[in-house]
Amino acid sequence: MFKNIFTKPIFISISPTAEKNDIILALKLLLQPWKWKSGESREKFKSSLAYYLGVKDIFLFDSGRNALYAILLSLNLKEGDEILIQAFTCTAAVNPILWLKARPVYVDVSTDGVNMLPKDVEKKITLKTKAIIVQHTFGFSAEMDEILKIAKKHKLAVIEDVAHAFGGKYKRKMLGTLGDAAILSFGRSKIISSVSGGAAVVNNKAIAENLEAFYRSCRPPKARWVAQQLLHPIIFGCVKLSYNFLYFGRILALTAKVLRLYTPSVCKAEKKGGRPPLPPSVMPNALAALGLNQLDKLDRFNEHRIKVAKIYEAGLKKNKKVLLVKSLPKTKSVFLYFPVAFENSFISDEFLLYAKRESVYLEVWPARTVIGPPGTSLNKLFYIAGSCPSAESLALRSIVLPTSPLTSYKDALEIVNLINTHAR
Ligand SMILES: Cc1ncc(COP(=O)(O)O)c(C=O)c1O
């Protein structure tokens, strides 16, 4: 029990981008409830994002999933219309399709990557297909030229899912600016975080007009929800500091969960395709203020992630027991996480336990199945077993390594060492 009491644990997704000034800002905002719903931060955040991406139309929502819902709604889908989306994803990216009574059709990933395989996109297109959601998993750019070519040939809308890839590039173009529309996520473990939040980026006039009308009908979330989001970085700042100290951090996290001092990132109903408790809402001003503070750090965070990824690459490239994912030529990957695939799920699970004993808390993303988080019903999300064999195999064998500003170069070297010792 006392072995690790003074060991600094390595985490992957406990408030990974919240620094001291983010926590102080959350605390200040918590004490200023008049700033929670409206104020100048929302407009400032919106214009700063538009400037960063070099686009005109951006709409800020309470989450990435609701931003995706707004985009799909703006496509005027009919019941039974099909939307292509890759397997090896999160239920939050699939559910908005179901809320509109459309059908997700899953595209396999490439055998040596984490993104959709253009050849399989072609195979899965039917007369009912209306759009392709292109996920840039973990910040690795998808094969945009080929996907855009297929979309043009079949007259399909392209929606980029940039939830993992904000700041990444494809042939000098910012990810999120290549298709008809895109979503960004500022969720708690994303590239930058406003605890919860998302943006719809639109490059298509008709979609922008429809989305504008929907956006105007949305309101900010209730005050209680905003307070729960503001409490998150404060609570988890304390949890991180005291995680191993007589279990204090773990007890604090559990107490906060029981008392509902924060909201879960995915609720129970969503694992069965249902909606989150919060209807699509505009991003509250207080969370936009947190987002603005993080946007200032975006380039620094991404440079750090790239350096950490280089340490993993250099340390693991000679290890024949692990498979690493390569970035496409002429792309800039921003590495939300660094994925590593082992030979089989047994070695992968054993390694997670081995690392945990050393206070290195690694994770699996999305889950040991093709749609996460664990407990997601593949049936309710219309996934047909065997339809995406590479994604199924990848989900069974892979884990993700941390790259966030919390991860020091020494941490990365320690993880490399653990993998090379365990999987020789
Ligand atoms: C790939 C992907 N797309 C979309 C989302 C939805 O983002 P948000 O959590 O902001 O709703 C997530 C995260 O949950 C995700 O991992």
Side-chain angles (χ1 to χ4, degrees), residues 12-13 15-17 49 59-72 83-99 104 106-107 109 114-116 132-142 159-166 168 175-176 179 181-201 221 225 229 232 262-267 269-271 273-284 287-288 290-291 294 334-337 339 363-367 370-376 381 391 394-395 400:
I12 195 153
S13 62
S15 241
T17 65
L49 286 168
F59 302 86
L60 293 178
F61 288 93
D62 59 282
S63 63
R65 65 203 81 174
N66 278 334
L68 181 58
Y69 172 78
I71 294 172
L72 290 169
I83 308 294
L84 300 185
I85 185 166
Q86 74 165 68
F88 199 76
T89 188
C90 171
T91 185
V94 181
N95 288 348
I97 305 171
L98 302 173
W99 305 337
Y106 295 90
V107 176
V109 298
V114 286
N115 288 327
M116 59 173 40
I132 314 173
I133 298 175
V134 188
Q135 180 178 297
H136 302 293
T137 315
F138 307 144
F140 289 87
S141 170
I159 304 166
E160 291 181 81
D161 181 341
V162 190
H164 295 186
F166 187 29
L175 298 181
I183 62 154
L184 305 177
S185 166
F186 312 113
R188 57 197 69 171
S189 53
K190 297 302 192 302
I191 295 276
I192 59 166
S193 168
S194 60
V195 185
S196 184
V201 181
W225 185 88
Q229 309 313 308
H232 188 278
Y262 68 94
T263 57
S265 55
V266 173
C267 74
E270 292 180 272
K271 292 186 183 179
R275 282 177 170 268
L278 188 70
S281 311
V282 300
M283 180 183 276
L287 299 194
L290 294 184
Q294 287 258 298
V334 289
F335 304 100
L336 177 68
Y337 303 125
E363 291 177 20
V364 171
W365 194 97
V370 292
I371 311 169
T376 298
L381 272 78
L394 181 67
V400 288

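Treat the numbers as computed from the prediction; the structure is a model and nothing was measured. First listed ligand is number 1; within each ligand, the first listed atom is number 1.
- Under 3.5 Å, the side chains of Q229 and T263 contain a donor-acceptor pair of N or O atoms.
- With hydrogens left out, the protein atom closest to atom 14 (O) of ligand 1 is K190 NZ, 3.5 Å, a heavy atom.
- In terms of heavy atoms, N95 sits closest to G273 at OD1-CA, 3.2 Å.
- The protein atom (non-hydrogen) at minimum distance from atom 7 (O) of ligand 1 is S185 OG, 3.4 Å.
- Closest of all the heavy-atom pairs between V114 and Q86 is O-NE2, 3.0 Å.
- Under a 4.0 Å heavy-atom criterion, G197 is in contact with ligand 1.
- Under 4.0 Å from ligand 1, not a single heavy atom of Y69 appears.
- Nearest approach of A165 to L175, heavy atoms of both residues: CB-CD1, 3.7 Å.
- Note that R275 lies in the cation-pi zone of Y69, set by a 6.0 Å cut-off to the ring centre and a 45° limit from the axis.
- Of the N and O atoms on the side chains of H164 and Q135, not one donor lies less than 3.5 Å from an acceptor on the other residue.
- Between F186 and ligand 1, not a single N/O pair is under 3.5 Å apart.
- When hydrogens are left out, the protein atom nearest atom 16 (O) of ligand 1 is H164 NE2, 2.9 Å; that is the closest non-hydrogen contact.
- Shown here for Y106 and L381, the closest heavy-atom pair between the two residues is OH-O, 2.6 Å.
- Atom 11 (O) of ligand 1 has R65 NE, 2.6 Å as its closest protein atom, hydrogens excluded (heavy atom only).
- A163 CB, 4.0 Å is the protein heavy atom nearest to atom 5 (C) of ligand 1.
- With atom 2 (C) of ligand 1 as the reference point, the heavy atom nearest to it among V266, D161, L184 is part of D161.
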